[in-house]
Amino acid sequence: MSREFSDILQSKLYKKQAEKAITLGLADKSESAVYKFQDYILKNIYSCIDASLSIADYEHPAINILKKHDMKFKTEYYITLKEYICCLCSHSETINKLNIHRNTLRYRLQQIQNITGISLSDVDTCTKLLFIFKLAEYKLSLQIQKPEETGLPS
């Protein structure tokens with residue numbers, strides 16, 4: 001179903017959204033009998049991205065810098081950045097998810113900014129990083145669901 005049916009002049013849009021919700025819901029193998037377009041908006045956006053492109057095509061340079069730094073110095077800056085961004089830059093939620101002290105998070109975030117040169121107070125940077133992390137999760141879910149059909153390595 002589409003999000004709402006408040007304007008009869010938008011019936012073509014509602015029909016298209018409802019059809020897409022059904023397609024994505026069935027592909028998701030959801031047990032629900034009702035598929036709401038609003039629940040599949042991100043999957044719909046991600047599904048429009050060319051499957052032949054790899055995550056590396058979208059990856060922000062800061063991600064590779066942190067991964068290399070973590071390997072070399074046995075730190076956890078990449079996972080800290082990912083959790084922080086996926087928690088929408090919420091300190092308290094990130095602290096709870098990572099089970100770390102508030103000062104540890106502050107220190108890591110400062111180190112991440114120093115190492116990568118990015119600003120975590122820049123909305124565009126955080127938005128790009130969130131998109132990259134969510135896209136990677138989406139691609140991984142496709143790989144797990146049906147590796148032979150996605151073109152992704154299993």
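Numbers here are sequence positions counted from 1.
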| task | For N114, look at atom CG and say whether over 12 heavy atoms of other residues, nucleotides or ligands are found less than 6.0 Å away. | result | yes
E137 with K134: basic N within carboxylate O range, under 4.0 Å:
yes
- Neighbour count >12 (heavy atoms, 6.0 Å) for atom NZ, K16: no
- With the side chain counted from C-beta on, respond yes when D122 and T127 share a heavy-atom pair under 4.5 Å apart, and no when they do not. no
| Validation row: N103, R106 side chains within 4.5 angstrom (heavy atoms) | yes
Value for CD1 (I132) from CG (L129), rounded to nearest 0.5 Å, stands at 5.5 Å
task: Could you tell me whether the side chain of K15 reaches within less than 4.5 Å of the side chain of E19, counting heavy atoms only?
output: yes
d(I85 CD1, L120 CG) to nearest 0.5 Å is 5.5 Å
Looking only at heavy atoms, the pair that brings Q113 and S119 closest together is OE1-CA, 3.5 Å
Rounded to the nearest 0.5 Å, the CG atom of N96 sits from the NE2 atom of H91 at a distance of 13.0 Å
Q. Run the salt bridge (Lys or Arg N to Asp or Glu O under 4.0 Å) check on E59 and K128 step by step: do they pass?
A. CA-CA 9 Å; E59 209 160 61; K128 289 174 192 173; over 6 Å; no
inquiry  = Measuring only between side-chain heavy atoms, which start at C-beta, is R108 closer than 4.5 Å to Y84?
reply    = no
Cluster question for you: counting only ILVMFWY and a side-chain heavy-atom cut-off of under 4.5 Å, with indirect links fine, are V123 and L88 together?
no
**Asked** Do L109 and T94 touch side chain to side chain, with heavy atoms closer than 4.5 Å?
**Response** no
Practice problem: Measure the shortest side-chain to side-chain distance between I95 and T104 over non-hydrogen atoms and say whether it is less than 4.5 angstrom. | Solution: no
Can you check whether I63 reaches K82 side chain to side chain, under 4.5 Å on heavy atoms? no
Between the NZ atom in K68 and the CG atom in D70, the distance rounded to the nearest 0.5 Å is 12.5 Å
So CG of L98 and CD of E83: to nearest 0.5 Å the spacing works out to 5.5 Å
Point to revise | Common cluster, Y77/F73, ILVMFWY with side-chain heavy-atom separation under 4.5 Å | key: no
Does any part of the side chain of I118, heavy atoms only, come nearer than 4.5 Å to the side chain of H60, both counted from C-beta? yes
Rounding to 0.5 Å, atoms OG1 (T116) and CG (L81) come to a distance of 7.5 Å
